Structure formats: structure tokens, C-alpha cells
Amino acid sequence: MWRLSRLLLLLFLVRDCSTSTWQNPNRPFMSLDPNVHYNLSTFTAPDAIQNLASKKGPLLFIATTNHLYVLSASDLHVLQDLITGPTNSSECDLCSKCDMGSARPAQAEDTDSKVLVLDPVEDLLYSCGSSLRGVCFLHEFDNYEILYSSFLFRAASNSPSLCPDCIASPLGTVVTPHVHLRSVLFYVASTVDSNVAGSYGTTSVSIRRMLTSQDGFAADFHSLTVLPLYMNTYPIHYVYTFSTDKYVFFLTVQPESGHSKNYHSRLVRLSATEQEMKR
Ligand SMILES: *[C@@H]1O[C@H](CO)[C@@H](O)[C@H](O)[C@H]1NC(C)=O
Ligand SMILES: *[C@@H]1O[C@H](CO)[C@@H](O)[C@H](O)[C@H]1NC(C)=O
């Protein structure tokens, strides 16, 4: 998995100039001059940037361990810093909001960002971390800030053996949110081992339908998981996901076969209109 650096620099100047060079050869080409001090907007994160999300619009969302930053996309000014962990911190409003009942882990955990994706239709951001059983949050935003965050976990609907609201794996997860027949579907792919798949675990690949009450996912979801025998020896890393109207794709890196030391990259395709995962 690639890592983004801590420093984000606005390079619109460079990008804009190179595109216009191609489109309009009469316009003088401007490259960065090493003798000029450019005053580019920057944002320096306290830690490695783990995820980044943006849509056409004024906001940029950036996640690091225990933080979700909302930045102005035009000048990288920090508009909001939402604390997402450690889970026992009094500064973490999101953590104290989570009524997980007996599902709540006994230990305090740091929150590494595993998933940060925007809803394809609404102004909603979904974030899922390594803590609190891989639960996701839904953040409603306007042009200026995140207005409201809620928790996609219903204590009464999850158990150690079946946890529809357990989405992210600490070993890595990718999600494509997809809207089909007015339902928000999460196409989820997670790297799992026997630890992760154990109590309140997530699955390898699943399609989870968000409840219309927007407080969790339907329990009757379809999923596939690596057989327990191979879970610790056959890691599948999901490195990217994207979709078309008809399909959702996952790009993987995985061993060529059960005992091979060679790795292959594969493309997995699921139907964007059927939730049964028949093909
Ligand atoms: C660079 O831009 C920032 C923000 O607009 C401004 O506060 C600062 O004075 C500028 N620095 C220089 C050297 O122009
Ligand atoms: C949170 O838990 C950690 C580790 O168990 C501990 O070191 C820390 O003091 C706790 N913080 C709070 C605010 O309780």
C-alpha cells in the first residue's frame, strides 16, 4: 500500500500551466523558476496521511492517526480537526458517541484511517478506522464544514459471530459506495487473518446495504471470506477499487497459489446491480 507523505502542496499552478501549454501553444509556457520564492499553500500533517477524499467542491478531507481534517481545497487552510481517537480520549466526541454495548473493545485503541470515501450522490463522507471493530461514521457536510457525524453501529444487531456493522480491517480495507435503487451499498474488500475474522470480524469481500435509518447495515448481506485453513498463509491485499455503472472492481495483490511465494495482481469484478455475488 502506498503512503502519502505528510506534506500536501498545492500544485495547481504547475498543473494549470502544463495543460494550457497543450491546449494553447501561443500562451507562453511557465515553469517553476528555482530562483523565485513561490508562496504555495501547504498543509503539514502531524503524522503520515493515511487517506484523502475530495469531490468537486470547496472541501478536502484528510485522515491521519486519530484525526480527520477538513481543509479548504483552495488554500489548504484547516477548517476543522475532528479527533477520532484514542478511543478512551475525552477529546474524542465521536468515540464517546458510540454506544456499542458489549461489543466495545475493553482496551483503548488508536484510530488509523482505513476508509475515507464520499457518497456518490449526497454530501456525505464515510470514514472507517482500525478501532471499535472497524465501525464506520457518516459525516454530513456543507460547503464549509462537517455539520454532523453519526455512528453506523447498532449494538443490538451485531454479535461476535455476525457483525454487519464491522466494516474495516486493521490490515486494510477498500470500499466503493454505490447507489442502487435508492439504497446505499458498500462494496467492501478487506484483508483478513484469523485474528481479524474472529470475534466481531469483517469478511474478505461483501456487499452491505445501509439501512434507511442510516445507523447501520442490513444483516442479510452476502459475503465471501478466505477459508479458515488459508487465512494466515494466503493474504489478499486489496489495493484499489473503482466502479462503472454495471460493475464494481477491486484490484488485489495475492499469492499466485496456496503455497506460492510469487504474487499476482488480479482484478475482481462484482455486479453493481445484484447483491447476491453470484458471479
Ligand atoms: C504567503 O501567503 C500567506 C497566506 O496567504 C501570507 O500570510 C504570507 O504573508 C505570504 N508570504 C509571502 C512571503 O508572500
Ligand atoms: C487511555 O488508555 C491508555 C492505554 O490504556 C492510557 O495510557 C491512557 O492514560 C488512557 N487515557 C485516558 C484519558 O483515560
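Atoms within each ligand, like the ligands themselves, are counted from 1 in listed order. The analysis underlying the following values was restricted to heavy atoms, covering all of them including side chains, and did not include hydrogens, waters or symmetry mates. This one's a predicted model, so the numbers in the text were calculated from it and none came from an experiment. In what follows, residues are counted from 1 in the order of the sequence shown.
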- Task: Look at Asp99 together with Arg104 and state whether they make a salt bridge at an N to O cut-off of under 4.0 Å.
- Result: no
- Task: Can you pull out the closest protein heavy atom to atom 14 (O) of ligand 2? Residue, atom name and distance to 0.1 Å, please.
- Result: Asn88 ND2, 3.3 Å
- Does atom 2 (O) of ligand 2 have any protein heavy atom closer than 4.0 Å? yes
- Query: Do Phe242 and Phe250 have their ring centres less than 6.0 Å from each other?
  - Reply: no
- Message: Please check if the number of heavy atoms outside Tyr144 that lie under 6.0 Å from its OH is greater than 12.
- Response: no
- Task: Provide, to 0.1 Å, the distance between atom 5 (O) of ligand 2 and the closest protein heavy atom, together with that atom's residue and name.
- Result: Ala108 CB, 4.3 Å
- Task: Examine Phe186 together with Phe217 and report whether their ring centres are nearer than 6.0 Å.
- Result: yes
- Is there at least one pair of N or O atoms, one from Ser89 and one from ligand 2, spaced under 3.5 Å apart? no
